[in-house]
Amino acid sequence: MTMADKDTVAAGLSKLLADTYAVYLKTHGYHWNVRGPNFAALHTLFMTQYTEMWTAIDTVAERIRALGSLAPQGYRSFGNLSGIQDGDPEKDADGMLRELVADHEALIRTAKAAREGADDVTAAVIDARVEAHEKHAWMLRASLG
């Protein structure tokens, strides 16, 4: 893998990191603000998902560093890299669920784009993220009323 290839893959991982962080923040916020008859189940589901993403953020950032690049940090850096919009605590539970499904689908696209040109170790990290986000999206879709 050339240095240019490493830089390209690290840039894709940086976007994945930023998008993951944005969805983590949104999911955590929805965990706090969800309401309605399915509150307890959704509160728990959101916690399970944001906890999984929190761990993954570190794995992705460390892979960026292993490729020789600096991992982005801070809200401004993440905001410049991510297309994920902030959550709206006024949404009803189904609105939150639909939005999170779309966000996980966007994360899957970001991860797959970052995989192009990746070495085997990086590809394995990305594949694990695709698998996790596919599962998150499935669980959210299954929870829609």
Side-chain angles (χ1 to χ4, degrees), residues 1 5-67 69-75 77-145:
M1 186 177 218
D5 291 337
K6 286 183 180 182
D7 289 345
T8 299
V9 172
L13 287 174
S14 292
K15 178 165 177 36
L16 178 61
L17 179 66
D19 283 354
T20 304
Y21 198 81
V23 177
Y24 157 79
L25 286 172
K26 183 185 291 188
T27 305
H28 207 153
Y30 284 170
H31 162 81
W32 296 327
N33 290 305
V34 70
R35 48 207 180 275
N38 295 323
F39 165 79
L42 292 176
H43 185 75
T44 300
L45 175 62
F46 293 160
M47 182 172 67
T48 300
Q49 291 188 355
Y50 77 68
T51 301
E52 188 280 330
M53 284 184 279
W54 180 251
T55 302
I57 287 167
D58 200 52
T59 301
V60 174
E62 288 176 355
R63 191 66 205 147
I64 294 167
R65 294 296 296 131
L67 292 171
S69 293
L70 296 174
Q73 67 180 63
Y75 294 112
S77 293
F78 289 150
N80 289 335
L81 288 168
S82 179
I84 303 294
Q85 299 300 308
D86 287 344
D88 177 359
E90 296 294 327
K91 285 187 182 286
D92 64 12
D94 277 357
M96 291 176 179
L97 288 165
R98 280 191 295 278
E99 186 172 5
L100 289 171
V101 167
D103 290 341
H104 284 285
E105 290 169 349
L107 269 166
I108 292 164
R109 289 189 298 277
T110 298
K112 288 180 177 180
R115 196 178 191 286
E116 187 172 333
D119 61 281
D120 291 345
V121 175
T122 304
V125 169
I126 292 169
D127 291 347
R129 297 313 313 138
V130 169
E131 181 180 5
H133 293 297
E134 285 176 346
K135 183 175 182 179
H136 293 330
W138 159 61
M139 292 189 146
L140 294 164
R141 273 192 300 274
S143 299
L144 278 164

Heavy-atom check, side chain of [X] versus side chain of [Y], under 4.5 Å:
X    : Y   : result
L140 : Q49 : yes
V9   : S69 : no
D5   : T8  : no
Y21  : L25 : yes
D119 : L67 : yes

Restricting to ring pair (Phe, Tyr, Trp, His ring centres under 6.0 Å), what partner residues turn up for [X], sequence neighbours left out?
X    : value
W138 : none
Y75  : none
F46  : none

For T59, check side chain to side chain contact (heavy atoms under 4.5 Å, CB included) against everything at least two apart and list the hits.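 With sequence neighbours excluded, T59 shows a side chain to side chain contact (heavy atoms under 4.5 Å, CB included) to V125, given in chain and number order.
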Residues which pass side chain to side chain contact (heavy atoms under 4.5 Å, CB included) with A111, listed by chain and number, not counting sequence neighbours: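 Expected list: L16, I126, V130.
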Considering all heavy atoms of both residues, which atom of [X] and which atom of [Y] are nearest to each other, and what is their separation?
X    : Y    : answer
A118 : A123 : CB-N, 4.0 Å
L42  : A93  : CD1-CB, 3.7 Å
I84  : A106 : CD1-CB, 4.1 Å
A137 : V101 : O-CG2, 3.9 Å
L45  : S143 : CD2-OG, 3.6 Å

Spatial distance of atom [atom1] ([X]) from atom [atom2] ([Y]) [nearest 0.5 Å]:
X    : Y    : atom1 : atom2 : answer
L107 : K112 : CG    : NZ    : 12.5 Å
T48  : M53  : OG1   : CE    : 10.5 Å
R65  : L13  : CZ    : CG    : 13.0 Å
M139 : L100 : CE    : CG    : 14.0 Å
H136 : T27  : NE2   : OG1   : 8.0 Å
L17  : Y24  : CG    : OH    : 13.0 Å

Test: side-chain hydrogen bond (donor to acceptor under 3.5 Å, both in side chains). Region: [range]. Which pairs qualify, not counting sequence neighbours?
range           : result
residues 96-107 : K26-E99, K26-D103, Y30-E99, H104-H133, E105-R141
residues 32-44  : H31-H43
residues 78-92  : D19-S82

Sequence-distant partners of E52, salt bridge (Lys or Arg N to Asp or Glu O under 4.0 Å), two or more places apart: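 For E52, the residues satisfying salt bridge (Lys or Arg N to Asp or Glu O under 4.0 Å) (neighbours in sequence not counted) are R129.
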Residue list, salt bridge (Lys or Arg N to Asp or Glu O under 4.0 Å) with D127, at least two apart or on another chain: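 Here the qualifying residues are R115.
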